[in-house]
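Just below is one structure, and these are the notes that go with it.
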Amino acid sequence: RHIELIVRDTQSDPTKAVNAATELMRGQHVDVIWGPLNSGESLAATPLIARAGVPQLDPCWVDTLIDVAKYPFAFRNICSNRQVGAAANHYVLDVLKLKQVAVISDTTGYGTASVDTYVPMLKAKGADVVYQGNTDAANPDVKPELLRMQSAGAQVIMPWSVNAGFLARIINTRSQMGWDVPIVGQTTLGSGQTKALLDKPEYWANVYSNNFLPCSYNASGKLPARTQAFMDRLSSAKIEMGDTLLWWIAIGYDGPRMVADAVKHVGSEPKQIAGYWNTLTAWPGVNGDITFTPEQHNGYPDDEVVMIQANSFRNGAFSLAPGYGA
């Protein structure tokens with residue numbers, strides 16, 4: 001069978017995501033939807049897709065996007081917010097042994113949902129959340145927020161945003177203040193886009209971000225064999241990896257493969273696709289081994305969500321954070 005890929009650019013706009021999903025389902029009569037790729041968009045579009053009974057493969061982290069009772073045809077082939085938060089909280093509290101925590105996010109759906117999820121998790125592990133706040137990602141001056149964190153006695157900053165500019169301003173401001181506390185949080189902290197916005201390369205030190213074990217370098221500086229083979233294909237295709245996260249490319253590769261795999265085995269009817277995905281056990285994605293059951297549509301394994309050292313960025317991948325797993 002030919003798989004026809006029909007793409008709509010939603011520009012990270014929830015309204016455009018709803019309009020695009022409606023047009024794809026009603027106008028194009030698509031059999032399955034991969035995305036939206038942004039949590040704010042997916043929060044708006046997923047209920048609509050579910051009502052139409054179209055299978056959806058979701059690469060977004062917000063926990064409420066996956067609910068077998070409400071959205072029986074929605075599946076997630078990446079981690080959830082709770083998995084991400086658990087990995088970051090483990091690193092701060094159990095590895096770095098820091099208890100005084102500042103948590104900040106932007107005002108997007110992803111940012112606010114992250115704070116609402118992670119702060120209770122931190123407190124449950126015994127952390128003292130001395131600062132908690134949301135601010136507009138376009139805010140040109142985050143120094144007032146960092147001064148409040150500092151005066152509250154924060155030992156670590158945990159920012160949650162996918163906005164590279166916002167995260168870079170936090171890193172720059174911390175360094176300009178001469179406040180050498182760790183910054184631990186979202187994967188975009190380690191992106192090439194964030195690095196490009198830093199005032200000095202050395203400001204990237206003491207910054208640790210979420211990543212995924214199959215897309216991280218081991219102690220010998222090597223990737224897993226499956227990931228390295230994928231990297232070799234990207235290199236042969238002359239795909240530039242200088243400022244792009246490998247895991248994001250990998251999940252963009254894995255998603256359509258999961259669709260094609262289902263169609264190849266059972267056809268393109270919605271119940272057939274959902275039924276096939278419900279049987280997957282350790283499906284071998286480049287970014288992770290995915291397992292679904294009829295009761296669980298969060299497919300990513302807990303132990304493959306890790307923390308890395310941002311300034312170890314090389315060809316889209318990173319080395320594990322110092323002391324990680326201790």
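Any value given below was found using the heavy atoms of this structure, including those in side chains, with hydrogens, waters and symmetry copies removed. By convention here, the first residue in the shown sequence is residue 1. This is a predicted model, so every value here is computed, not measured.
- Ring geometry for H297 against F75 counts as parallel: the plane angle stays under 30°, on a 0 to 90° scale with 60° as the upper cut.
- A heavy-atom distance below 4.5 Å is found between the side chains of I183 and P159.
- One finds the CG atom of D63 at 5.0 Å from the CG atom of N81 (value rounded to the nearest 0.5 Å).
- Aromatic ring centroids of Y217 and F318 lie 6.0 Å or more apart.
- V30 shares a hydrophobic cluster with I6, V18, L24, M25, I33, L48, I49, V54; the chain of contacts runs through ILVMFWY side chains whose heavy atoms sit under 4.5 Å apart.
- No more than 12 heavy atoms of other residues, nucleotides or ligands lie within 6.0 Å of CD in E4, so this atom counts as exposed by the packing criterion.
- Classified by interplanar angle (parallel below 30°, tilted 30° to 60°, perpendicular above 60°), the ring pair F230/Y253 is tilted.
- Linking Ile, Leu, Val, Met, Phe, Trp and Tyr residues whenever their side-chain heavy atoms come within less than 4.5 Å leaves L57 and I66 in two separate clusters.
- Taken from CG in N211 to CG in L246, the straight-line distance is 8.0 Å, to the nearest 0.5 Å.
- Closest of all the heavy-atom pairs between A88 and M158 is CB-CE, 3.7 Å.
- Across all non-hydrogen atoms, the minimal contact from L245 to G190 is CD2-O, 3.9 Å.
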Checking T188 against Q193 for the side-chain contact (heavy atoms from CB on, under 4.5 Å) test, could you report, in this order, the C-alpha distance in whole Å, the side-chain angles of both residues, the deciding distance, and whether it holds? CA-CA 8 Å; T188 310; Q193 292 92 334; 5.9 Å; no
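- When only modelled atom types and interatomic distance are considered, Y71 and D58 share no side-chain donor-acceptor pair under 3.5 Å.
- Side chains of T108 and D106: a donor on one and an acceptor on the other come within 3.5 Å.
- Atom-to-atom distance recorded for Y276:OH and K264:NZ is 8.5 Å, nearest 0.5 angstrom.
- Within the model, atoms CG of L189 and CD1 of I171 stand 5.0 Å from one another, a figure rounded to the nearest 0.5 Å.
- Remark: the backbone N or O of K70 is paired with a side-chain donor or acceptor of D67 at under 3.5 angstrom.
- A donor-acceptor pair under 3.5 Å links the side-chain atoms of S114 to the main chain of Y110, judged by distance alone.
- Side-chain contact check for V162 versus L167: every heavy-atom pair is 4.5 Å or farther apart.
- In this structure, a donor-acceptor pair under 3.5 Å is present between the side chains of Q309 and N311.
- In this structure, a donor-acceptor pair under 3.5 Å is absent between the side chains of N134 and T112.
- Panel note: side chain S216, backbone F212; a donor-acceptor pair is recorded below 3.5 Å.
- E304 contributes no side-chain N or O that, together with a main-chain N or O of P301, makes up a donor-acceptor pair within less than 3.5 Å.
- A distance-only check finds a donor-acceptor pair linking the side chain of N210 to the backbone of V84 [under 3.5 Å].
- Linking ILVMFWY residues whenever their side-chain heavy atoms come closer than 4.5 Å, directly or via other members, leaves L197 and W248 in distinct clusters.
- Between the side chains of T194 and S191, at least one donor N or O sits under 3.5 Å from an acceptor N or O.
- Here the side chain of T173 pairs a donor or acceptor atom with the backbone of R169 at under 3.5 angstrom.
- By the rule that hydrophobic residues join a cluster once side-chain heavy atoms approach within less than 4.5 Å of another member, L280 and W34 end up as members of one cluster.
- Proximity of a side-chain donor or acceptor of T117 to a complementary backbone N or O of A113 within less than 3.5 Å is detected.
- Considering all non-hydrogen atoms of both residues, V156 and P182 come closest at CG2-O, 3.4 Å.
- Using a cut-off of 4.0 Å between Lys/Arg side-chain N and Asp/Glu carboxylate O, K125 and D94 are scored as salt-bridged.
- With T293 contributing its side chain and E295 its backbone, the two residues share a donor-acceptor pair below 3.5 Å.
- Between the side chain of N278 and the backbone N or O of A274, at least one donor-acceptor pair lies under 3.5 Å.
- The CD1 atom of I239 sits 6.5 Å away from atom CD1 of I249, with the distance rounded to the nearest 0.5 Å.
- Counting heavy atoms from C-beta on, the side chains of V32 and S268 never come closer than 4.5 Å.
- Put simply, the side chain of W160 never gets that close to the backbone of G85: no donor and acceptor are under 3.5 Å apart.
- Pairs passing the salt bridge (charged side-chain N to carboxylate O under 4.0 Å, His left out) check and including a residue from residues 138-147, sequence neighbours excluded, read E145-R148.
- Note that CZ of F166 and CD1 of I104 are 4.0 Å apart. Values are rounded to the nearest 0.5 Å.
- Connection of V129 to M149 is established within a shared hydrophobic cluster, with ILVMFWY side chains joined at heavy-atom distances below 4.5 Å, either directly or through further cluster members.
- A salt bridge links R257 and D254; the closest N-O separation between the charged side-chain nitrogens and carboxylate oxygens is under 4.0 Å.
- By the criterion of side-chain heavy atoms lying less than 4.5 angstrom apart, applied directly or through intervening Ile, Leu, Val, Met, Phe, Trp or Tyr residues, V266 is not grouped with F73; the two fall into different hydrophobic clusters.
- Side chain to side chain, N172 and Q176 fail the donor-acceptor criterion of an N or O pair below 3.5 Å.
- Residues Y131 and V103 form no side-chain contact, since every pair of their non-hydrogen atoms from C-beta on lies 4.5 Å or further apart.
- Listed here is the closest heavy atom pair of R174 and V181: NH1-O, 2.9 Å.
- Side-chain atoms of Q11 and D13 include no donor-acceptor pair closer than 3.5 Å.
- Nearest approach of M258 to W277, heavy atoms of both residues: O-NE1, 3.2 Å.
- Side-chain atoms of T187 and W247, non-hydrogen and from C-beta on, do get closer than 4.5 Å to each other.
- Among residue pairs with one or both ends in residues 269-293, those qualifying as salt bridge (charged side-chain N to carboxylate O under 4.0 Å, His left out) are R226-D289; sequence neighbours excluded.
- Judged by a 6.0 Å distance limit and a 45° cone about the ring axis, R76 is not positioned over the six-membered ring of Y300.
- Side chain to side chain, T46 and Q56 meet the donor-acceptor criterion of an N or O pair below 3.5 Å.
- Looking at every heavy atom in both residues, V68 comes nearest to P294 through CG1-O, 3.3 Å.
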